[in-house]
Structure formats: structure tokens, C-alpha cells
Amino acid sequence: MTELTEADIQARLARLTDLRAAIGQAIVGQADVVEQLLIGLLAGGHCLLEGVPGLGKTLLVRSLGEALKLDFRRVQFTPDLMPSDILGTELLEEDHGTGHRSFRFQQGPIFTNLLLADELNRTPPKTQAALLEAMQEKTVSYGGVTHQLPRPFFVLATQNPLEQAGTYPLPEAQLDRFLLHVRVDYPSEEEERAILAQTTGAGGGAVPMVMAGEEVLALQRMVRDVHLSDELLGWVTRIVRASRPGEAAPEDIRKYVKWGAGPRAGQSLILCAKARALLHGRLATTRDDIAALAAPVMRHRLLLSFAAEAEGRSADDVVAALVRAVPLA
């Protein structure tokens, strides 16, 4: 960040504060969820939001889209949705003057900056897989031609953890494409009272537009330059490696984990920790940044054993035990 002055850096950090405040005009509470979404945006990754119906997941994503001067589209995933409904398709066109016919690629809703994939687990695996290339490579291949997606490109997907009838659980390859798995919980009593008052009155929670796409890209570049010490780099490496069952793994891992996290989990944890530091106005990561994001980064990358299910141990329990067991130095 040598090309930026101190004033430039502080101005960009102030924009993040404005962005959080703008979303707060429509969303009551859910501070951790909002922070994790902004971390995903800054780190250049995708987020999977999971929570029971009625907690405002769709409103939260829509509010983020309104606060950002970005192209925003929403796709409701259903069992009859086809890949071409998302990616696009080729149309046969005829020139009425010459009679010449040619195919033209008609872009689908995935050609946007911010895509809300609502209830992603309600669509079959064939359609889920249509997102894989877009999420990883930020391209769409159709008819032997590769099309670039707009930048920034950010997928926010939601899923309902309760209803299993008519749903298709996301495969591990699809889950690994998500930088963060964000859990949306019930609000507190005070927050729920405020939600009821805000959403049943005449006044609306309009979200002001505070940031454009170029500013988002500039902040994403800043995240890469946030400092991470060798000590913390080693700690992240050991945490990820310790999540894999083996003789050297902690006892809880050997007992409750069938498959551990891959190297992408370490990459994601470092980028998210850097983004959190920037969001809090710091240019260097701390141990707290890593510890705070270990669960959202790793909960969907661990395959738990039957023993974990039998004893009621969740992925978050295992990650917490893992962070405690792995020493910082």
C-alpha cells in the first residue's frame, strides 16, 4: 500500500463504516452476520447463509445490494430450474436483409455483480453445479466460448436447515467454493421488538447507496496488503493440518472428524482475518481475527463422523476444540 497516503487509507476505512451503517438502517441487530458478509465481500469470496425462515436473510442481502452501486439480481432456486436459466443460452437469429442465420449468446442472471441465490439447496445437483465454474473462475463457458463475469462478482446463497423434503444437500465440492458459512440465528428480545416496530409502521428502512464497484475492488486489493505475521501464518497452517484425522491430530479430531479441511481453508482463513482487521480499522491481523473466523470458515469444510452425530457434537464444537488444542507458538 505504498502508493496510498495515510489520508487515502483512512478515507477508505471510513467508507466501510458508512457501509455498515447503511445496512443497519434496514437490518436490526445481526451484527455478526453483517460483519461476516462484509468480510466475504472484502476478501473477494462467496457466502452461504443458513437460518430458519423469517430471519431476514433475503432482506439482508438485498440491503447490501442497495448500499453498493452494483448490479444486483436475485434467483429463486426451485426443483425445475435448469442450468441455462442461470448461465444463459444461445438464440438463433436471422438477418432479414440477407437471410443469414447465426447464434447469439443470451446472458443469464449470473452476469451480475451481486447474485442472490435464494434457497440454493432446493435445486437439483445439475443446476447447483452450474455455479461451480462461475464461483471459482469467475467465468462462464458455453458452446466452447468462455465469457468473463463482471467484477466484482459476489454470490450470496441462502438455505433453510429445517425442511429436508424436496431439497438437495450441497455436495462438498460446492460447499468448498463458499468462503464463509454464515449462521443466522434468532434475534434477541430487544432486537425482535425493534424489528416489529420498524416493519409494521408507515416508515420504511431505506438503504442509501454509499459505495461503487471500483471502491469495492480497491478495498479488496487493500485486504491483500494487510500484514500477517509469520507466527500467525504458522498458527493457521497448524490449525488446518490438525483438522485432518491422524495420529498427530488432537483427540477430538480423531474421534469426531471423518475428513478434515484442505489447503483452501487456510487460504480462506487468512484472507478473512485480513478483511476483518481492515473492517476494524487495522492494517495488521491479530490472533482474535483468526479465532473469530475459524468457525465460519471451517464449519462447512469438516465431514463429521457418526460418533459426533451420536454425541450431539456440532462442527462449531469441533472447531472450537481445535483452536484451543493448537498452540500459537
Side-chain angles (χ1 to χ4, degrees), residues 1 4 9 12-13 15-16 19-20 32-49 64 68 70 113-115 131-132 134-138 149 151-157 173-183 211 213-243 260-302 315 319 322-323 326 328:
M1 290 180 288
L4 295 178
I9 294 173
R12 290 183 178 180
L13 295 180
R15 300 294 282 169
L16 289 175
L19 180 59
R20 193 197 292 256
D32 289 342
V33 175
V34 172
E35 177 169 287
Q36 289 173 27
L37 281 187
L38 294 180
I39 287 171
L41 178 68
L42 293 177
H46 313 289
C47 295
L48 176 65
L49 283 79
L64 177 61
L68 298 170
L70 299 174
N113 296 118
L114 180 58
L115 177 69
L131 290 174
L132 288 176
M135 293 174 66
Q136 183 63 29
E137 307 296 336
K138 295 181 172 60
L149 290 171
R151 305 295 175 92
F153 176 66
F154 190 36
V155 175
L156 291 171
Q174 182 89 33
L175 286 172
D176 199 37
R177 295 302 198 280
F178 287 101
L179 185 77
L180 292 168
H181 182 182
V182 182
R183 291 266 172 83
M211 192 179 295
E214 285 302 318
E215 293 177 277
V216 173
L217 292 173
L219 286 166
Q220 288 179 350
R221 291 191 291 270
M222 282 183 66
V223 166
R224 297 274 178 170
D225 291 327
V226 173
H227 177 69
L228 180 80
S229 68
D230 289 339
E231 183 182 42
L232 291 177
L233 177 62
W235 192 43
V236 171
T237 305
R238 291 193 298 274
I239 288 175
V240 174
R241 292 182 64 82
S243 72
R264 187 178 286 157
Q267 296 169 338
S268 300
L269 187 51
I270 289 172
L271 281 175
C272 287
K274 288 184 173 186
R276 185 179 187 270
L278 196 65
L279 197 60
H280 286 255
R282 292 181 277 106
L283 300 179
T285 55
T286 65
R287 185 184 189 279
D288 289 341
D289 293 325
I290 294 170
L293 291 162
V297 167
M298 298 184 67
R299 62 167 59 113
H300 58 299
R301 292 184 163 99
L302 300 179
V319 172
L322 180 63
V323 172
V326 177
L328 181 59

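Keep in mind that this is a model prediction, so the values were computed, not measured.
In terms of modelled atom types and a separation under 3.5 Å, the side chain of Q220 and the main chain of L41 share a donor-acceptor contact. Remark: the backbone N or O of V326 is paired with a side-chain donor or acceptor of W235 at under 3.5 angstrom. At least one donor-acceptor pair under 3.5 Å links the side chain of R301 to the backbone N or O of V297. S243 places a side-chain N or O within donor-acceptor distance of the main-chain N or O of A261, the cut-off being under 3.5 Å.
A 4.5 Å side-chain heavy-atom check between L38 and V34 finds at least one atom pair inside the cut-off. Using a 4.5 Å heavy-atom threshold, the side chains of K274 and I270 count as touching. Between L64 and F154 the shortest side-chain heavy-atom distance falls below 4.5 Å. Using a 4.5 Å heavy-atom cutoff, the side chains of L70 and P152 are in contact. Using a 4.5 Å cut-off on side-chain heavy atoms (C-beta onward), L115 and L156 make no contact. Counting only heavy atoms from C-beta outward, the side chains of E35 and R20 approach each other to under 4.5 Å. Taking the side chain as every heavy atom from C-beta outward, L278 and L283 approach each other to under 4.5 Å. Between L149 and N113 there is no side-chain heavy-atom pair separated by less than 4.5 Å.
Of all heavy-atom pairs spanning A284 and A277, the tightest one is O-CB, 3.6 Å. The two atoms that bring L322 and I239 nearest to each other are CD2-O, 3.5 Å, heavy atoms only. Across all non-hydrogen atoms, the minimal contact from C272 to L293 is O-CD1, 3.2 Å. Nearest approach of A273 to I290, heavy atoms of both residues: CB-CG1, 3.8 Å. The shortest non-hydrogen separation linking L68 to L19 is CD2-CD1, 3.9 Å. Across V182 and C47, no two heavy atoms sit closer than the pair CG2-CB, 4.5 Å.
The side-chain hydrogen bond (donor to acceptor under 3.5 Å, both in side chains) check on R287 picks up nothing, with sequence neighbours excluded. Partners of R264 under the salt bridge (charged side-chain N to carboxylate O under 4.0 Å, His left out) rule, at least two apart in sequence or in another chain, are D176. For the salt bridge (charged side-chain N to carboxylate O under 4.0 Å, His left out) test, residues two or more places apart in sequence or in another chain that qualify with E215 are R15. Listed by chain and number, the residues in a side-chain hydrogen bond (donor to acceptor under 3.5 Å, both in side chains) with H227 amount to none (sequence neighbours excluded). Every salt bridge (charged side-chain N to carboxylate O under 4.0 Å, His left out) that R183 has, sequence neighbours left out, goes to E50, D316.
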Step by step, would you call L179 with H46 a side chain to side chain contact (heavy atoms under 4.5 Å, CB included)? CA-CA 5 Å; L179 185 77; H46 313 289; 5.7 Å; no
Working for side chain to side chain contact (heavy atoms under 4.5 Å, CB included), residues L328 and L232: CA-CA 7 Å; L328 181 59; L232 291 177; 3.9 Å; yes
Tell me, with the steps shown, if V155 and L48 meet side chain to side chain contact (heavy atoms under 4.5 Å, CB included). CA-CA 8 Å; V155 175; L48 176 65; over 6 Å; no
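If you take CG on L219 and CG on L16, they are separated by 5.0 Å, rounding to the nearest 0.5 Å. Here Q36 contributes atom CD and I39 contributes atom CD1; the two are 6.5 Å apart, rounded to the nearest 0.5 Å. M135 contributes atom CE, which lies 3.5 Å from atom CZ of F178 (distance to the nearest 0.5 angstrom). Taking CG of L279 as the start and CG of L13 as the end, the distance is 9.0 Å to the nearest 0.5 Å. Atom-to-atom distance recorded for L132:CG and Q136:CD is 9.0 Å, nearest 0.5 angstrom.
Residue pairs meeting the salt bridge (charged side-chain N to carboxylate O under 4.0 Å, His left out) criterion with at least one partner in residues 230-241, sequence neighbours excluded, do not occur; the list is empty.
D289 and R282 are joined by a salt bridge, as a carboxylate oxygen and a charged side-chain nitrogen come within less than 4.0 angstrom of each other.
Note: H181 and H300 have perpendicular aromatic rings, judged against thresholds of 30 and 60 degrees for the angle between ring planes.
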